[in-house]
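So the structure is just underneath, and the comments pick up after that.
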Number of protein chains: 2
Amino acid sequence: MEDPEDGRPRCDEAVSLAFSVLGKRWNGMILDALSGGRLGFSAVRRAVTGISDAVLSDRLAELTGVGLVSRHVDAGPPLSVDYALTGAGENLIPVLERLGEWASENLSESGSTDR
Amino acid sequence: MEDPEDGRPRCDEAVSLAFSVLGKRWNGMILDALSGGRLGFSAVRRAVTGISDAVLSDRLAELTGVGLVSRHVDAGPPLSVDYALTGAGENLIPVLERLGEWASENLSESGSTDR
DNA sequence: CATAGCAACTATGTTTTTCATAGCGGCTAT
DNA sequence: ATAGCCGCTATGAAAAACATAGTTGCTATG
């Protein structure tokens, strides 16, 4: 027998699921950057200050993998690739806004110039 | 002179600030675990499945440092320490709930058994 | 045309984080 | 007395993130 609802506090599964993607560095910021519309690789890099090419490439692939971002290639001739939020990704936008409000009201700019 | 609103998309500063703390592994889950009330070190560890002592210790110090969690020691004799959300931390709860809803509606359980 | 530059990545090697495991001092339950 | 829980800290290994350089394809400049 396991213990079904044993009263012991636990982190909510859904929240845990959310942070399996948002709890990794940059992911939230990338999604936020894309909330304004589709962007090319370099545009995302510029929007998310501090991220490196290698990591960005990795993150975009990951976000695409979980279905929050879609990748679209236009074989021009001037080949161009752009990334955009999927429906699931767009649903996150309002939550990100709430998060932003919370941060600016409850988190001091200083505090963690860590890393 | 910098470029004030130059039209180029950028990740919102507030969101970026939020993820400077929530974008680190475990932090969001720890805060969620504490949303139900104060907990001792081991209780948090049990609530956040998978975290190790060393990392938990680190994260709690960090969250305490940015003012989201408060640490309270009761020198019993049976010495006990507990952690609780501060006002700032509590303000995050509703946002975490939104995040949870979003995750269960838009994120598939599978997908990233990463790490 | 040659040189330089941008876009979109990949490759390489180093630095940081995160991790599992072990241990410690104080107290309690058996 | 022995074992066990609580709240941590120490240690070394594994994984992630990082800066930097290089690649291919196309364009803009001289």
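Worth knowing before you read on, the calculation uses all heavy atoms, side chains too, and leaves out hydrogens, waters and symmetry mates. We name chains A, B, ... by the order of the sequence lines, and we start the count at 1 in each one.
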Qualifying residues under side chain to side chain contact (heavy atoms under 4.5 Å, CB included), relative to Ser52(A), sequence neighbours excluded: Ala54(A), Val55(A)
Got a sec, which residues hit side chain to side chain contact (heavy atoms under 4.5 Å, CB included) with Ser80(B), two or more places apart in sequence or on another chain? Asp74(B)
Using side-chain heavy atoms (C-beta onward) and a distance below 4.5 Å, is Leu56(B) in contact with Val48(B)? no
Integer-rounded Å distance: dG7(D) P and Arg59(B) CZ: 20 Å
Does any part of the side chain of Leu68(B), heavy atoms only, come nearer than 4.5 Å to the side chain of Leu107(A), both counted from C-beta? yes
Just the rounded figure in Å: distance from P of dG7(D) to CG of Asp74(B). 11 Å
Please tabulate, one pair per line, each protein N/O and nucleotide N/O from nucleotides 27-30 of chain C that are separated by under 3.5 Å, including the distance.
none

Bend across the helix from dC1(C)-dG30(D) to dT30(C)-dA1(D), to 10°, with axes taken over 5 pairs at each end? 10°
Taken in chain and number order and not counting sequence neighbours, the residues that satisfy salt bridge (charged side-chain N to carboxylate O under 4.0 Å, His left out) with Arg71(B) are none
State which residues pass side chain to side chain contact (heavy atoms under 4.5 Å, CB included) with Ser104(A); sequence neighbours excluded, sorted by chain then number. Ala14(B)
For atom CG of Leu39(B) and atom C1' of dG7(D), their distance in whole Å: 14 Å
Salt bridge (charged side-chain N to carboxylate O under 4.0 Å, His left out) against Arg98(A), all qualifying residues, sequence neighbours excluded: none
Rounded to whole Å, CG of Leu56(A) lies from C1' of dA17(D) at a distance of 13 Å
Who are the side chain to side chain contact (heavy atoms under 4.5 Å, CB included) partners of Ala61(A), not counting sequence neighbours? none
Take the protein atom NZ of Lys24(B) and the nucleotide atom C1' of dC19(C), then report the distance between them rounded to whole Å. 15 Å
Would you mind reading off the distance between Ile51(A) atom CD1 and dA17(D) atom P, rounded to a whole angstrom? 10 Å
Winner on side-chain proximity to Ser42(B), out of dC18(D), dT18(C), dG7(D), is dG7(D)
If you compare every side-chain N and O of Trp26(B) against the phosphate oxygens of dT17(C) (OP1, OP2), does one of them come in below 4.0 Å? no
How would you list, by chain and number, every residue that makes a salt bridge (charged side-chain N to carboxylate O under 4.0 Å, His left out) with Asp58(A), sequence neighbours excluded? none
Contacts table for residues 89-96 of chain A: side-chain donor-acceptor under 3.5 angstrom, sequence neighbours left out:
{"residue": "Asn91(A)", "atom": "ND2", "partner": "Gly87(A)", "partner atom": "O", "Å": "3.4"}
{"residue": "Asn91(A)", "atom": "ND2", "partner": "Asn106(B)", "partner atom": "OD1", "Å": "2.7"}

Ranking dC6(D), dA17(D), dA8(C) by distance to the side chain of Arg46(B), first place goes to dC6(D)
In whole Å, I'd like the distance from the CG atom of Leu60(B) to the C1' atom of dG7(D). 11 Å
Rounded to the Å, how far apart are Arg38(A) CZ and dA8(C) C1'? 16 Å
Measure all distances between protein nitrogen or oxygen atoms and nitrogen or oxygen atoms of nucleotides 8-14 of chain D, and list the pairs falling under 3.5 Å.
{"residue": "dC8(D)", "atom": "OP1", "partner": "Arg71(B)", "partner atom": "NH1", "Å": "2.6"}
{"residue": "dC8(D)", "atom": "OP1", "partner": "Arg71(B)", "partner atom": "NH2", "Å": "3.3"}
{"residue": "dC8(D)", "atom": "OP2", "partner": "Arg71(B)", "partner atom": "NH1", "Å": "3.3"}
{"residue": "dC8(D)", "atom": "OP2", "partner": "Tyr83(B)", "partner atom": "OH", "Å": "2.8"}
{"residue": "dC8(D)", "atom": "N4", "partner": "Asp53(B)", "partner atom": "OD2", "Å": "2.4"}
{"residue": "dT9(D)", "atom": "OP2", "partner": "Ser57(B)", "partner atom": "OG", "Å": "2.9"}

With sequence neighbours left out, which residue pairs that include part of residues 79-88 of chain B fulfil the salt bridge (Lys or Arg N to Asp or Glu O under 4.0 Å) condition? Arg38(B)-Asp82(B)
